[in-house]
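To start, the structure itself, in structure tokens.
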Amino acid sequence: MKEVKCDCGHVNPFGTKICGKCGMVLGNEKENQLIDMRYEGSARRSQTYKKTIIDKIWNFFSSVKVGVTLIVIALIASAIGTILPQEMYIPSTATPAEHYELEYGWFGRVYYELGFHNLYSSWWYLIIIGMLGISLLIASIDRFFPLYRSLKKQGVTRHDGFMKRQRIYGVTKLEEQDINLEEVKDRLKRQRYHIREENGHILAEKGRFSRWGPYVNHIGLIIFLIGALLRSVPGMYIDKVLWLREGERKEIPGTNGQYYLQNNEFTLEVYDKESEEDKQYSAAIDKTGTIAKTYQSDVTLYERKGETLPGEKVDLDKLKDYKIKVNEPLKHDHYALYQVDYKLDELSTMAFNLINKKTEEKYGSLKVDLNNPQKKYELKEGYSVDLISYFPDFEFDEKGEPRTISKIPNNPAFIFKMHTPDKPEGEVSFVAIKETVEPLGENTYKMAFNGVETQDVTALTVRKDLTLWILFTGGIIFMIGVVQGSYWNHRRIWIKRKDDEILLAGHTNKNWHGIKRDIKQAIESTSLSEPMDQLEEEKSSSKGEVLNG
Amino acid sequence: MAELSSNLLYAAFILYLIATFLFGGSIKDKRGAEEKKQNKWAKLGIFVTIIGFAAQIGYFITRWIAAGHAPVSNLFEFTTFFGMMLVGAFILIYFLYKTPALGLFALPIALLIIAYASMFPTEISPLIPALQSDWLHIHVTTAAAGQSILAISFVTAIIYLIKFVDQTQSSKRTFWLEVIMFTLVCTIGFVIITSSFAAMDYKANFDWVDKKGAEVKQEFNLPALVGPNEGKLIETYRFEPLVDMPALINAKKLNTVLWSFGMGLVLYGLIRLIARKRVAALIKPIVKNVNLNLLDEISYRSVLIGFPIFTLGALIFAMIWAQVAWTRFWGWDPKEVWALVTWLFYAAFLHLRMSKGWQGEKSAWLAVIGFAIIMFNLIFVNLVIAGLHSYA
């Protein structure tokens, strides 16, 4: 491709609209119109090459119009996902297909059929986000390098046409007196402008680094998206739940048996309006009822010592005691354990007495650990009880046979065989809560209920997320970039000295109010005339017509 | 302490009201016609605004002491804080640009927001475990600060549109501008109707059947135009509902919406009847001296200032806290999604403005939509869409 040589001698890359050095307009923009200063009129690939398929893809993704369209599509799609709860927020016992129709009628059914109940992990949503990421990357590359080059190479002396066609422009005719620009220069310096001079012409510039803000924040976003993508790489992310009864010690899932956790105690505390500490909340407590104050699990963390074969007893080293609360997870070696749920007063043991039904004489008592029952309970000489079957969460199935729904002792039932000196073969008895059945005929003995013990159960989420630091880095870079681009402005003031006049032009990427104030301060009490805002001129004159007409 | 706190809030409210009139005076005063030269009305106006702001900070601090935690934990507290930050953002912008006209619009909107906030339960409520964290005040205050600075762009956009839109003939522009005006009037309607019936201590209890078929009780604090599903009014001498709603619809909330809308219609109708012109046309003479370019620039500037703060508070701090409290930094909870929607919207706004040259009027309409999204997230998402954030 041919390069473009400007009258000033500077050689510009093909596609340049404004000479990078002197600012002469090289493209065929209309005269008497303000110059489009975006990207300094530099040659962007997307504006220059439009032939091959790669050009077309490049140009598609580098277009701001496409970028904004993608943003708007992502915005609308995200909003749609909030109309009804996502699948993860409906009760875990519900079947989604039925739940949506049952709760929200025909609309719920349509919502479900369209897959909106899992919108954020749908292929099309991910494609939109992916395209947005590609757009961020390509649009940034397309603009950053040409912009960087032309700002680096910009000259001090600017073409008259360039000056004239800036939004802020003013001419001061030199009559007899000459104007000393030293004072103006000093004032601009005090306003933190960098001054460059060439043959008496001046370029005052400040805040150029704010131009890099958008590219910095786009890099931050791309890093963030990469971090989000890495989550699906095995080993980067673990999300498990650990239910732990009081006194129980279990392997922490997801740690390959390296760590064990013991639950020493779970505490649920509620606000008490009678107490000195919480009395300011009494009105709110009266209105809403019980309000939880703390969910806390006192735990001990253990680590396995050395390698153990399956089935072998594991040696554990105690690492630390910790009180896990909401907002205060236990962290160790990339793992974090969070308080997420609990269950109060789960049955833990159930005690029985072996008695003679008639005489009610006691022949000993036994206590069944509902989570770890024994097969046989020896009572006094000649008396023993076999636990033939145990149903922690008992119900009768369709055939009337007992079965268990889960391993959690919500509704325990037992089949006992009672051995006594007069019935050495044993009598079979089916015992459930408030129910005793003697399936093999009338018994002499029975297992009489003798109380229960309960315990609390805590639920902890086990989390490992190695992508967090990537996301965090991306977030910080984004913030730096967005602050850099938003809170600083790139301002330039050109002063060109000619034989009988001085031209002054100004440009800023934003906050025109600010640059006008800077110029005003710099030229105050000199005989330089204050430049005009040519855009304002245009507008107010056209406005005037409307008002008059 | 709690009483002192609510008195301070009341004082702030009154002071903002006075300041509004002072800014009104500064516009009428001919000497205020020239921009950037403040007349004594404007100086007094900003002075009173600052005292009001100080009073409201006093409310915030005393309530913090009384509650033992930052008062940003329920809808009343958050919305009040949002109103306060809006005033703070206005003061900041005022000192950058010295525009009294902004005060004349920003303060009434802040007043409306604070009045709206007071319609929610104002008791000091304890923090549930998930909220017990320093991130509560870090996240919520930064997010509210960001939103309120973004809201300034809405205020300037309103002024811009009132001045810019040609009222001599009706058009799409005049229609949508009236929609905005009507929405504001409805908010006033809501405040009037809710506080009137609250003052009368109006209560109507219903026995009704919810969608699971269970019998439930519900208390209405406004006369029930629409009643709950198979609702039976318990008290006598109470207004009988005209129609019962199906169980899927929350009749109480719909009833409040209907009342606000109806009251808004009455007020709006009265204004139109008396003034015989559009509300925006009625206000237009007040803003005849403002400089459109300057307004446009303030609008853009406040988005530029607000956007990074919003990102930090409503997304980054939010994610950090969510990781600590809810085990994951992002969970597609409706409030989170709507913060993302807001963020995407303003990102689109900035791109359109920077690269597509959407300035002036287009940018003003966008600022209005942006504010609508913020309000939607504040009100609708909390009250209607249930989620982890609906603690009010």
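Note that the structure is predicted; figures quoted are calculated from it, not measured. Within every chain, numbering begins at 1; the chains are lettered A, B, ... in the order of the sequence lines, protein sequences first and strands thereafter.
Nearest heavy-atom pair, Y89(A) versus G331(B), reported as atom, atom and distance to 0.1 Å: OH-O, 2.8 Å. Of all heavy-atom pairs between A284(A) and P126(B), the closest is CB-CD, 4.0 Å. Across every non-hydrogen atom of L221(A) and W343(B), the tightest pair is CD2-CH2, 3.9 Å. Nearest heavy-atom pair, I71(A) versus A348(B), reported as atom, atom and distance to 0.1 Å: CG2-CB, 4.0 Å. Of all non-hydrogen atoms in S78(A) and V337(B), the two that sit nearest each other are O-CG1, 3.2 Å. The minimum heavy-atom distance linking A325(B) with V326(A) is given by the pair O-CG1, 4.1 Å.
Using bins of under 30°, 30° to 60° and over 60° for the plane-to-plane angle, the ring pair H218(A)/H351(B) lands in the parallel bin. Aromatic ring pairs are classed by plane angle as parallel below 30°, tilted from 30° to 60° and perpendicular above 60°; the pair F329(B) and F224(A) is perpendicular. Using bins of under 30°, 30° to 60° and over 60° for the plane-to-plane angle, the ring pair Y97(B)/H513(A) lands in the tilted bin.
Contacts of Q132(B) with chain A are made by both backbone and side-chain atoms, with heavy-atom separations under 4.5 Å. Neither the backbone nor the side chain of W135(B) comes within less than 4.5 Å of any heavy atom in chain A. Only the side chain of I316(B) has a heavy atom closer than 4.5 Å to any heavy atom of chain A. Heavy atoms closer than 4.5 Å to chain B are found in both the backbone and the side chain of V482(A). In this structure, chain A has heavy atoms under 4.5 Å from both the backbone and the side chain of A130(B). Within the 4.5 angstrom heavy-atom criterion, no atom of L315(B) approaches chain A. Both the backbone and the side chain of I124(B) have a heavy atom closer than 4.5 Å to some heavy atom of chain A. Of the atoms belonging to Y104(A), it is backbone heavy atoms, and not side-chain ones, that fall under 4.5 Å from chain B. Of the two parts of M319(B), only the side chain, counted from C-beta on, holds a non-hydrogen atom closer than 4.5 Å to a non-hydrogen atom of chain A. Using a 4.5 Å cut-off between heavy atoms, L119(A) does not touch chain B at all. For L96(B), the part lying near chain A is the backbone, with the side chain staying farther off; criterion is any non-hydrogen pair under 4.5 Å. Proximity to chain B is limited to the side chain of I291(A), based on heavy atoms less than 4.5 angstrom apart.
Side chains of W512(A) and N293(B): a donor-acceptor N/O pair is absent below 3.5 angstrom, by distance only.
Of the residues considered (G475(A), A292(A), A74(A), A283(A)), A292(A) shows the highest number of contacts with chain B, using heavy-atom pairs under 4.5 Å. The most heavy-atom pairs under 4.5 Å with chain B, out of I476(A), D465(A), L468(A), come from L468(A). Ranked by non-hydrogen atom pairs under 4.5 Å with chain B, the options M88(A), R517(A), E269(A) are led by M88(A). Heavy-atom pairs under 4.5 Å with chain B were tallied for K325(A), Q339(A), E103(A); the largest tally goes to E103(A). Heavy-atom pairs under 4.5 Å with chain B were tallied for Y39(A), Y295(A), Y271(A); the largest tally goes to Y271(A). Of the residues considered (Q296(A), E328(A), K293(A), K331(A)), K293(A) shows the highest number of contacts with chain B, using heavy-atom pairs under 4.5 Å.
Here K335(B) contributes atom NZ and T82(A) contributes atom OG1; the two are 11.5 Å apart, rounded to the nearest 0.5 Å. For the atom pair OH of Y487(A) and CD1 of I305(B), the computed distance is 6.5 Å after rounding to the nearest 0.5 Å. Here I320(B) contributes atom CD1 and L471(A) contributes atom CG; the two are 11.0 Å apart, rounded to the nearest 0.5 Å.
Residue Y237(A) qualifies as enclosed at atom OH: its count of foreign heavy atoms under 6.0 Å is above 12.
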- [ ] Check the pair R463(A), Q323(B) against side-chain contact (heavy atoms from CB on, under 4.5 Å), reporting the backbone distance first and the verdict last.
- [x] CA-CA 10 Å; R463(A) 171 82 75 218; Q323(B) 180 71 34; 4.3 Å; yes
